Amino acid sequence: MKIGIIGAGAIGAWIAARLALAGNRVSILARGETLRALRDGLTVREREVTERVEVSASDNPSAIGRQDLLIIAVKAPALGDVAGVSGPMTGPETLILPMLNGVPWWFLDGEPLSSVDPGGLISQAIPLSQLVGCVVHAACRRTSPASVEVAHADKLILGEPKCGTSQRVRELAGLFENAGIRVEVSEDVRRAIWYKLWGNMTMNPLSALTEATADRLLTEPELKPFILACMAEAAAVGGAIGCPISESGEDRMAVTARLGAFKTSMLQDVEAGRRIELEALVGAPREIGRRVGVPTPSIDTLYAITRLMAESRGLL
Ligand SMILES: NC(=O)C1=CN([C@@H]2O[C@H](COP(=O)(O)OP(=O)(O)OC[C@H]3O[C@@H](n4cnc5c(N)ncnc54)[C@H](OP(=O)(O)O)[C@@H]3O)[C@@H](O)[C@H]2O)C=CC1
Ligand SMILES: CC(C)(CO)C(=O)C(=O)O
């Protein structure tokens with residue numbers, strides 16, 4: 001199987017390294033410093049074991065050519081650009097697996113969400129029929145342009161975007177499991193996506209705004225009612241689109257608190273001067289709320305303040 005990966009950041013590099021180490025043929029679309037570094041191989045460090053593997057990499061999608069599986073592992077603001085250039089890597093049989101946080105563009109039965117897919121360009125470039133839904137439960141970080149450290153690799157959740165599972169999803173699960181990556185095949189991947197979003201759509205922007213680690217946000221008593229209000233609104237939106245949440249906001253906060261003094265990915269992006277995943281995490285739930293008639297006043301406030309911060313810092 002020919003496997004293409006767009007984006008050799010923390011997640012893309014981890015997945016690429018594991019698949020390549022398991023003997024698969026992996027080609028990476030990368031650029032700049034990352035591409036130069038990949039020419040000397042990709043290094044992955046997990047559970048105190050460091051492994052290095054050769055991968056093929058290029059900045060030219062046509063040189064990589066048509067793949068059987070295309071994994072897209074970029075941050076959400078880069079998705080429009082990469083969808084636009086992915087054409088030569090995909091054919092009518094190519095399976096496309098986006099590995100991103102937040103609400104994906106296809107979430108409402110393929111009907112484009114303007115927050116994450118302005119103009120519907122991503123939907124046009126990536127046919128829903130070729131797509132498999134995915135949630136990444138892991139914590140990885142790049143330690144140099146072609147090295148990744150896996151702090152915690154819980155699992156990938158895979159499922160058909162229109163719900164249910166299929167032979168192609170089971171085959172994908174087998175591919176990752178053979179590479180040592182745990183997979184849960186889900187009958188309802190949309191619900192799994194919404195559940196993960198419910199956990200990070202409030203913490204991430206609040207940490208980006210305040211530059212506080214999660215433990216400080218979670219123990220600030222004046223903030224708790226606001227966090228819970230955002231979570232309640234997101235749960236109500238989820239309930240209206242078939243993605244109910246069966247946990248209380250307090251219980252979810254307690255789970256996050258167990259992770260200790262960590263910096264969310266959005267705070268890390270702010271600190272590195274990278275564009276933030278605001279639309280995927282906050283803009284899209286807001287847009288869906290509008291579409292289904294569920295009010296989201298607290299989420300709207302969080303969105304407005306975070307957008308202004310990001311605009312001021314050039315992070316949109
Ligand atoms: N890191 C983690 O632990 C987790 C991340 N996620 C989610 O996974 C997704 C990916 O995150 P992560 O891997 O951390 O992000 P990173 O920022 O580490 O990596 C993104 C990569 O995409 C590359 N990229 C962007 N645009 C292009 C392009 N046009 N052509 C080629 N490469 C491109 C970047 O290249 P360059 O370096 O050249 O800019 C970078 O290497 C996000 O949605 C994130 O929220 C989910 C769970 C855990
Ligand atoms: C770790 C967690 C859940 C924090 O909200 C996250 O997903 C992130 O940092 O993006």
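Every value quoted in this text rests on a predicted model; they were computed, and no experiment measured them. Ligands are counted one by one from 1 in listed order, and the atoms in each one are counted from 1 as well.
Contacts between T256 and ligand 2, counted as non-hydrogen atom pairs separated by less than 4.0 Å, are absent for every part of the residue. Contact annotation: for A138 versus ligand 1, heavy atoms closer than 4.0 Å belong to the backbone alone. Under 4.0 Å from ligand 1, the heavy atoms of V82 that appear belong solely to its side chain.
Proximity of a side-chain donor or acceptor of E33 to a complementary backbone N or O of P145 within less than 3.5 Å is not detected. Distance alone, capped at 3.5 Å, places no donor-acceptor pair between the S207 side chain and the A214 backbone.
Between S265 and ligand 1, not a single N/O pair is under 3.5 Å apart. Backbone and side-chain nitrogen or oxygen atoms of K263 are examined, and none is located within less than 3.5 angstrom of a nitrogen or oxygen of ligand 2. Checked by distance only, ligand 1 and R142 come closer than 3.5 Å through their nitrogen or oxygen atoms. Of the polar atoms of A76, none of the N or O atoms is found under 3.5 Å from an N or O of ligand 1, judged by distance alone.
From M1, atom CE reaches atom CG of N24 across 8.0 Å, with rounding to the nearest 0.5 Å.
The nearest protein atom to atom 23 (C) of ligand 1, hydrogens excluded, is given as G7 CA, 3.8 Å; this is a heavy-atom distance. Among all protein heavy atoms, the one lying closest to atom 20 (C) of ligand 1 is A73 O, 3.8 Å. Of the protein's non-hydrogen atoms, N101 ND2, 3.7 Å is the one closest to atom 6 (N) of ligand 1. Nearest to atom 24 (N) of ligand 1 among the protein's heavy atoms is V74 CG1, 3.7 Å. Looking from atom 19 (O) of ligand 1 to the surrounding protein, the closest heavy atom is G9 CA, 3.1 Å. Looking from atom 9 (C) of ligand 1 to the surrounding protein, the closest heavy atom is M99 O, 3.4 Å. Residue, atom and distance of the protein heavy atom nearest to atom 10 (O) of ligand 2 are S265 OG, 2.6 Å. In terms of protein heavy-atom proximity, atom 18 (O) of ligand 1 is closest to A10 N, 2.9 Å. Summary of contacts: the protein heavy atom closest to atom 13 (O) of ligand 1 is I11 N, 2.8 Å.
Interface atoms of ligand 1 facing L100, defined by a heavy-atom separation under 4.0 Å, are 9 (C), 43 (O). Atoms of ligand 1 found under 4.0 Å from any heavy atom of T34, numbered from 1 in the order shown, are 37 (O), 38 (O). Of all the atoms in ligand 1, the ones that sit under 4.0 Å from a non-hydrogen atom of C140 are 1 (N), 2 (C), 3 (O). Ligand-side atoms of ligand 1 in range of A8: 41 (O), range being under 4.0 angstrom from any heavy atom. Counting atoms of ligand 2 from 1 in the listed order, those under 4.0 Å from a heavy atom of N101 are 7 (O), 10 (O). The ligand atoms of ligand 1 that sit less than 4.0 angstrom from a heavy atom of A78 are 25 (C), 26 (N). Applying the 4.0 Å criterion to heavy atoms of F262 picks out, from ligand 2, the atoms 1 (C), 4 (C).
Ionic pairing of D68 and R25 is not present here: no N-O contact between side-chain nitrogen and carboxylate oxygen is shorter than 4.0 angstrom.
For atom 4 (C) of ligand 2, the nearest non-hydrogen atom from the set L281, N204, D269 belongs to N204. The heavy atom nearest to atom 3 (C) of ligand 2, out of those in L197, V255, N200, is found in N200. Nearest to atom 17 (O) of ligand 1 by heavy-atom distance, out of E33, R31, E277, K75, is K75.
Contact detail for V282 and P205: the closest heavy-atom pair is CG2-CG, 3.8 Å.
With no hydrogens or angles considered, no side-chain donor-acceptor pair links T210 and R216 at under 3.5 Å. If you check the side chains of S58 and N60, you find no donor sitting under 3.5 Å from an acceptor. For R52 and T43, the side-chain atoms include no donor-acceptor pair closer than 3.5 Å.
Counting heavy-atom neighbours within 6.0 Å of K196 NZ, excluding the residue itself, gives a total above 12. In this structure, E93 places its CD atom where only 12 or fewer heavy-atom neighbours from other residues, nucleotides or ligands lie under 6.0 Å away. Around the CD atom of E177, the shell of radius 6.0 Å holds more than 12 heavy atoms that belong to other residues, nucleotides or ligands. Sparse packing is recorded around NZ of K263, with 12 or fewer heavy atoms of other residues, nucleotides or ligands lying under 6.0 Å away.
Residue contacts with ligand 1 include K196, since one or more of its heavy atoms lies under 4.0 Å from the ligand. For the pair L29 and ligand 1, a heavy-atom separation below 4.0 Å is found. Contact annotation: A139 has at least one heavy atom less than 4.0 Å from an atom of ligand 1.
By the 4.5 Å heavy-atom criterion applied to side chains, E279 and L113 are not counted as neighbours. Residues I28 and L42 form a side-chain contact, since some pair of their non-hydrogen atoms from C-beta on lies under 4.5 Å apart. You'll find the side chain of R252 stays beyond 4.5 Å of the side chain of I245, heavy atoms only. Residues M231 and E250 are not in side-chain contact: their nearest non-hydrogen atoms beyond the backbone lie 4.5 Å or more apart.
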Does R286 form a salt bridge (charged side-chain N to carboxylate O under 4.0 Å, His left out) with E233? I'd like the steps, not just the answer. CA-CA 9 Å; R286 228 178 129 241; E233 289 168 14; over 6 Å; no
